[in-house]
Amino acid sequence: MRNNYVIASFGVWVLMTVNLLAQEYPIPVLDTEGRYGYKQGVEWVVRPQYEFAGFFSEDLAVVKKDGKCGYINQYGETIVPLRFDEAGRFSEGLAGVRLKGKVGFIDNKGNLKLPFRYDDYSVFSEGLAAVKQYGKWGYISYDGKVAVPFKYENARAFCDGLAMVKNGEGKQVYIDRKGREYETKEEFVYPFSDYAKIYVERKVEAWQKKGKYEKTADWQKRVTDATRESMVSELTREAEKMYISELGQKAILQQSIKGYDPDNEVFLVQDLRFGDMLVSVPVAEARTFETSFYSMNRDVVYFVDNDALAIAELKFTAPSGKSYMYSNSASLDYFVANVDYRFAPIEIDTTALMHMQKGYQNIKRSAVAVKSDVDVDIPSGWGVNNNTFAVIIANEAYRHEDNVAYARSDGESFRNYCMKTLAIPEEHIHFCSDATLNEIRMEVNWLRDVGNAFGDKAKVIVYYSGHGVPDEAGNETYLLPVDGLGKDVETGYKLSNLYKQLGELPVKSVSVFLDACFSGAKKDGEMLVAARGVVRSRQTSSVPLSGKVMVFSASKADETAMTYDKKGHGLFTYFLLQKLKQTKGNVTMKELVEYVTSSVTKESVVAVRKQQTPQFSCSPDMNLEWEKIRLFR
């Protein structure tokens, strides 16, 4: 027998289906006098006494008495005192509670883990929770860091790697954990690292808890670094199997023939999701293969490669019974890098995971950013930089152009320094990874609102890492959004417009840092946006500046903004972060410019073997004061 129960929390009705036969916990029941208690079967186990009682979640249930909410266990014992105005269910170890109009998050002991700063929220799901602040929704992680910027009109909890949101244009879309938008669920490819993180984390946290009837000595013997490492390894293999099974069942093959090479007797088959595949077919059978291609039966074996579901083997069987085989390079190993668990860091050995039989093809892998010295032991600044606001745009994964190596790493590291070293409140930082043109416009509009609200008390920081392109005449330079086209500058954000808009802000100062890629030309004369940085014909610093704007860019007009591969950053950004770390943020703009310019100029010649010279410029209004300006004061 299955019954439906409806409960209310934070003004939202939640439908919960409870299997009474398998119910482990007592369920809330309303007595004839309008009070809630809990029953196990037909017996009261917690006498009716509450104005509201919720279902149990992670061993605790919300109850309300005398207008205040708290949590009890299944025996009716108060675990978290009834002191909150509202309280939600526990999910992934945390619960949202409201006090004096603001929402914070507590653990199952009642300890405040995230401060009362939000206006509304949804439960944690897949490591993130949707929260509302200053009229906009965004997503935070367990430690309160902003994972997806506050820019949505509405937002729901994550499920299977996606969350439904209403964007600034009023359109319902899906986003992934990086904030990338999808119009349909089918467009999204669920990364294995995200899937495994959630699965392993939940299982390990449950496993490492001391049992109610477990002796301390037995628990200490059972839960050690060695046994936990073994558990993580085993669970990662389990996650791999489940990931392949779940996503494989949902995968739809959409294939077409792109060509045949008679010399090598190979068909090129393209799948809309899984890419190109080479299928060996003798010349004598090629015509039959092509004519019967769409009527063939397909038997597929999946595995995990490049953090996603991939095809290991695909057997094509023609109506005649003749079969042909596609085989990926089954000997290729895969790994999950930088999985950030809530518990102590765990090294996951994935070498024992699935190995396929050897095939014929090699797979090119993308470079993984290393953990640089500037990414660890980030110093904390003093006080709180309440009047500073930052927009950080890190464009790495372009839809129509080559990706920008380390751009996302650059942006994330700069954000970390803004929060810790420069002590800028997290809600004052808008981090936008892989920003579209409209998203860049939204961030500029937000800075305008900040300027109008805070006036000359505010300081603004703008950081951009990504592609930049000039127009054909070389008279204008554009920042290229991830949905932009290198050949069509109209799809970019004109730099002169950006500087004009920043110059109109009625603020104390605007500091712009550009670690931008540029564009060069192919031999056929077409524009190429490649690697990180190319030659541009107009120096960004030559664009007229007004107001309180200062611009520090990565290179001269005829130079390239290079990567610093051994550090996993752009060369310019690495030394920018290094100076902030050395000085703990207590540095003038003059000191910062001199250090970064000198360091980049020298290292580009020695390590990269190509000249790169950062450039600084400022508006006339800042000529007399820029040298003394500090990012943190």
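A search for side-chain contact (heavy atoms from CB on, under 4.5 Å) contacts involving N386 returns V384, P425, not counting sequence neighbours. Considering only residues two or more places apart in sequence or on other chains, Y595 meets the ring pair (Phe, Tyr, Trp, His ring centres under 6.0 Å) condition with none of them. Taking E594 as the reference, K590 meet the side-chain contact (heavy atoms from CB on, under 4.5 Å) condition, with sequence neighbours excluded. The ring pair (Phe, Tyr, Trp, His ring centres under 6.0 Å) test applied to F431 returns no partner, not counting sequence neighbours. Considering only residues two or more places apart in sequence or on other chains, E591 meets the side-chain contact (heavy atoms from CB on, under 4.5 Å) condition with V587, T588.
In this structure, T601 OG1 and F575 CZ are separated by 10.0 Å, a value rounded to the nearest 0.5 Å. Summarising the geometry, atom CE belonging to M622 is positioned 12.0 Å from atom OG belonging to S546; distances are rounded to the nearest 0.5 Å. With rounding to the nearest 0.5 angstrom, the CD1 atom of I629 is 6.5 Å from the NZ atom of K508. A distance of 13.5 Å separates OH of Y564 from CG of D410, quoted to the nearest 0.5 Å. Rounded to the nearest 0.5 angstrom, S465 OG and I392 CD1 are separated by 11.0 Å. To the nearest 0.5 Å, atoms CZ (F105) and CD (E92) are separated by 11.0 Å.
Counting all heavy atoms, side chain and backbone alike, Y121 lies closest to R89 at OH-N, 4.5 Å. Residues F124 and I140 share a closest heavy-atom pair of CE2-O, 3.6 Å. In terms of heavy atoms, A516 sits closest to A561 at O-CB, 3.2 Å. Shown here for Y574 and S372, the closest heavy-atom pair between the two residues is CE1-OG, 3.4 Å. In plain terms, the two heavy atoms of S617 and L545 that are nearest each other are OG-CD1, 3.5 Å. Minimum heavy-atom separation, G96 to V103: CA-CG1, 4.5 Å.
Residues Q501 and R441 form no side-chain contact, since every pair of their non-hydrogen atoms from C-beta on lies 4.5 Å or further apart. In this structure the side chain of L631 reaches within 4.5 angstrom of the side chain of M589, judged on heavy atoms. Counting heavy atoms from C-beta on, the side chains of Q578 and D373 come closer than 4.5 Å. Within the 4.5 Å cutoff, no side-chain heavy atoms of V551 are placed close to those of C618. When side chains are defined from C-beta on, L480 counts as touching T491, because their heavy atoms get closer than 4.5 Å. Counting heavy atoms from C-beta on, the side chains of N497 and V444 never come closer than 4.5 Å. The shortest side-chain heavy-atom distance between L576 and F414 falls under the 4.5 Å cut-off. In this structure, the side chains of R228 and W207 come closer than 4.5 Å at one or more pairs of heavy atoms.
With a 6.0 Å radius and a threshold of 12 heavy atoms from other residues, nucleotides or ligands, K581 has its NZ atom above the threshold.
Test Y478, Y398, Y493 against H467 for ring pair (Phe, Tyr, Trp, His ring centres under 6.0 Å) and you get one pass: Y398.
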Throw together a table of side-chain donor-acceptor distances under 3.5 angstrom for residues 147-158, partners on residues two or more places apart or in other chains.
| unit_1 | atom_1 | unit_2 | atom_2 | d |
| --- | --- | --- | --- | --- |
| K151 | NZ | E439 | OE2 | 2.8 |
| E153 | OE2 | K136 | NZ | 2.2 |

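One N or O on the side chain of E126 and one on the backbone of G161 form a donor-acceptor pair closer than 3.5 Å. Here the side chain of S233 pairs no donor or acceptor atom with the backbone of E229 at under 3.5 angstrom. In this structure, N395 contributes its side chain and A435 its backbone to a donor-acceptor pair below 3.5 Å. Between the Q612 side chain and the S604 main chain, no donor and acceptor come within less than 3.5 Å of each other. The backbone N or O of L422 lies less than 3.5 Å from a partner atom in the side chain of N385, making a donor-acceptor pair. For the pair T421 (side chain) and P379 (backbone), a donor-acceptor distance under 3.5 Å is present. Between the side chain of E443 and the main chain of C432, no donor-acceptor pair closer than 3.5 Å is present.
Remark: the D375 side chain and the H569 side chain contain an N/O donor-acceptor pair separated by less than 3.5 Å. Between the side chains of N108 and E58, no donor-acceptor pair of N or O atoms lies under 3.5 Å. No donor-acceptor contact under 3.5 angstrom links the side chains of D483 and T436, judged on distance only. Judged purely by distance below 3.5 Å, without hydrogens or angles, the side chains of Y463 and T573 pair a donor atom with an acceptor atom. For the 3.5 Å distance criterion, the side chains of S619 and D621 fail to qualify, holding no donor opposite an acceptor.
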Decide yes or no on side chain to side chain contact (heavy atoms under 4.5 Å, CB included) for K459 and V507, but give the supporting numbers first. CA-CA 6 Å; K459 295 165 68 176; V507 297; over 6 Å; no

Starting from the C-alpha separation in whole Å, work towards a yes-or-no answer on side chain to side chain contact (heavy atoms under 4.5 Å, CB included) for R177 and L128. CA-CA 8 Å; R177 293 164 57 85; L128 300 178; 3.8 Å; yes

Please evaluate residues V374 and S413 with respect to the criterion side chain to side chain contact (heavy atoms under 4.5 Å, CB included), reporting the C-alpha separation (whole Å), side-chain torsions for both, the decisive distance (0.1 Å), and the verdict. CA-CA 8 Å; V374 297; S413 296; 5.6 Å; no

Run the side chain to side chain contact (heavy atoms under 4.5 Å, CB included) test on L498 and V512 for me, step by step, so that the C-alpha distance in whole Å, both residues' side-chain angles and the decisive distance to 0.1 Å come before the verdict. CA-CA 10 Å; L498 174 65; V512 180; 5.5 Å; no

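Ring orientation note: the planes of H428 and F454 are nearly perpendicular, at an angle over 60° on the 30°/60° scale. Relative orientation of the F116 and F84 rings is tilted, given thresholds of 30° and 60° on the angle between their planes.
Ring-centre distance between Y243 and Y199: not below the 6.0 Å cut-off. Aromatic rings from F513 and F572 are positioned such that their centres are separated by 6.0 Å or more.
Ion pairing of E427 with R117 is present here, as a side-chain N (NZ or NE/NH1/NH2) and a carboxylate O approach within less than 4.0 Å. By the 4.0 Å N-to-carboxylate-O rule, D434 lies too far from R399 to be salt-bridged with it.
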